[in-house]
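Written below as structure tokens is the structure these notes are about.
We count ligands from 1, going down the list as the structure has it; atoms in each ligand are counted the same way.
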Amino acid sequence: MFPAPCDLLLTGAGAVLTQDPGPGGLPRAAEIPKLSELPAGTAVAVAEGRIQALGPEEELARRWAPRRRLDARGGFVVPGFVDAHTHPVFCGDRSEEFEWRCQGLDYLEIARRGGGILASVERLRRASDEELHGEVRRHLLRMLRHGTTSCEAKSGYGLTVRDELRSLRILRAAAAELGMEVSPTFLGAHLVPAEHRDHPDRYLDLLCEEGLPAAAEDGLARSADVFLEEHAFDLGRGRRYLERARELGLRLRVHAEQFAPLGGARLAVELGADCADHLEALSEEDAGLLAASPTFAGLLPAVPHFLRQEADAPARLLLDAGARWFVATDFNPGSCYTPSLPEAIHFARLRLGLSVREALAGATCLAAASLGWEGRKGVLRPGADADLVVLDLPRVEGLGYAFGENPVRHVVLGGRVAVEDGCLAL
Ligand code: NIG
Ligand code: FE
């Protein structure tokens with residue numbers, strides 16, 4: 001038998017780790033997706049952007065004739081990370097505001113001083129398409145270098161119909177250019193912009209009548225999200241926005257209970273949202289409700305660290321009560337300036353008490369399931385997308401143990417080598 005041509009053969013793996021999220025791609029209540037560990041010497045054959053085979057190196061070398069080989073050099077191989085909550089469509093940074101926070105001002109005080117989300121909104125509105133495109137591309141590449149091969153990404157720093165749609169168009173173009181699959185989310189309801197401060201309902205009318213319908217068209221957005229918070233959108237306005245989005249065929253994701261227990265998680269469950277994210281102020285009762293529902297608990301454990309906030313999401317309570325979960329970065333310029341899922345995993349383990357298997361599942365197969373990508377992303381099996389990360393670590397417990405350095409050696413994105421020895425290779 002002649003070997004079949006393939007695009008890539010990954011060899012030299014210390015181990016290949018993947019988790020099985022169970023039938024239908026979703027975990028059963030309170031079950032950690034089973035970690036299967038294929039031993040050292042397991043190779044992966046890739047063709048047409050998909051995994052073709054996983055198995056002993058000698059066997060795959062006989063069956064496949066690769067155009068290119070990639071040596072893992074003993075690193076262990078995991079599915080490409082799936083970041084299910086990011087805000088990469090922004091310009092510049094807000095490092096001056098970080099300095100204010102370090103001096104003791106909190107998130108809400110900084111917003112009152114003219115920092116916060118609205119500072120990023122001003123920057124984005126002034127930016128040309130070319131400038132914004134360059135910034136988004138740079139942010140996606142930073143994520144990729146840290147092992148993120150697909151993600152959810154929100155608009156939310158435009159806050160006019162025009163700038164929100166422009167954000168989504170540029171996001172789509174930048175993602176396509178890199179070959180990265182991005183699930184776009186319309187976050188026109190991030191905050192009420194300054195020009196509508198005295199008439200929030202007028203802004204909401206615009207979102208419901210123009211923004212959401214335009215975003216739903218042509219798949220410019222797959223989901224809609226709202227920031228339910230005292231200084232952002234209240235429950236009544238949030239409900240109106242989410243119901244309109246649902247009517248237009250958009251999936252729902254919600255920023256809920258970050259600072260105040262407003263009832264956002266309860267609303268997310270009621271409306272059948274894919275996830276309720278943040279949850280640092282979630283009540284015990286609502287944790288029970290969320291845990292009993294199919295709505296994912298979106299854990300963003302680097303955010304309270306970055307905001308010097310003491311409270312964490314009650315992750316142990318949620319997981320032990322049977323909630324579905326994912327671990328994401330919340331990469332954004334204000335409340336969590338890291339593009340690194342390994343860093344988020346560090347905080348998920350250290351601050352939330354997740355086991356390494358829970359954290360890894362939360363950044364791979366479960367994150368994918370929250371986006372409707374179960375079985376295709378966040379898993380290593382024949383037929384799945386060929387998104388892989390080779391980690392420069394001797395064992396899985398090292399993931400999140402090391403912090404402040406990038407553990408990613410190689411990244412394979414859709415069957416192409418995108419990062420080699422820590423350097424971009426696209
Ligand atoms: O997810 N919570 C609202 N939005 C972002 C913060 C955005 C910003 O400060 O720029 C978040 O934390
Ligand atoms: Fe967020």
| said: Determine whether the aromatic ring centres of residues F98 and F306 are separated by less than 6.0 angstrom. | reply: yes
*Would you kindly check if the NZ (Lys) or CZ (Arg) of R169 is within the cone defined by 45 degrees around the ring axis of F186 and under 6.0 Å from the six-membered ring centre?*
no
Residues passing the side-chain contact (heavy atoms from CB on, under 4.5 Å) test with R68, sequence neighbours excluded, are L8, L70, V417, E420
of all protein heavy atoms, closest to atom 4 (N) of ligand 1 is H190 NE2, 2.7 Å
Exercise. May I ask you to decide if the ring planes of F227 and H231 are parallel, tilted or perpendicular, using 30° and 60° as cut-offs?
Key: perpendicular
Of all protein heavy atoms, the one nearest atom 6 (C) of ligand 1 is Y107 OH, 3.1 Å
Counting from 1 in the order shown, the ligand 1 atoms closer than 4.0 Å to a non-hydrogen atom of H255 are 1 (O), 2 (N), 3 (C)
query: Would Y157 count as a contact of ligand 1 if the rule is a heavy atom under 4.0 Å away?
result: yes
Point to revise | Pairwise side-chain contact, R50 with Q52, heavy-atom cut-off 4.5 Å (strictly under) | key: yes
For I117, the atoms of ligand 1 under 4.0 Å from one of its heavy atoms are 7 (C), 8 (C), 9 (O), 10 (O)
Margin query: Using ring centroids (six-membered ring only for Trp), state whether H87 and H139 fall under 6.0 Å.
Written below: no
Open item on the list: Pairs of nitrogen or oxygen atoms closer than 3.5 Å, one from S120 and one from ligand 1: do any exist?
Closed with: no
If we number the atoms of ligand 1 from 1 as shown, the ones under 4.0 Å from a heavy atom of H85 are 1 (O)
Atom 12 (O) of ligand 1 has as its nearest protein heavy atom S335 OG, 2.5 Å
Q) Parallel, tilted or perpendicular for H190 and Y157, by the 30°/60° rule? A) perpendicular
*Aromatic ring proximity, centroids under 6.0 angstrom, F90 and F331*: yes
### Task
Evaluate side chain to side chain donor-acceptor pair (under 3.5 Å) for N332 paired with S335, printing each intermediate quantity in order.
CA-CA 6 Å; N332 76 74; S335 68; 2.9 Å; yes
heavy-atom search around atom 11 (C) of ligand 1 in the protein gives D330 OD2, 3.1 Å
For this session: Return yes when V303 approaches ligand 1 closer than 4.0 angstrom through a heavy atom, no otherwise.
Result: no
Note: ligand 1 atoms sitting under 4.0 Å from heavy atoms of H278 are 1 (O), 2 (N), 11 (C), 12 (O)
Self-check item: E229 near ligand 1 by a heavy-atom separation under 4.0 Å
Solution: no
The N/O/S atom of H85 lying closest to the Fe ion (ligand 2) is NE2
- Task: Assess C336: does it contribute an N, O or S atom lying under 2.8 Å from the Fe ion (ligand 2)?
- Result: no
Restricting D330 to its N/O/S atoms, the closest one to the Fe ion (ligand 2) is OD1
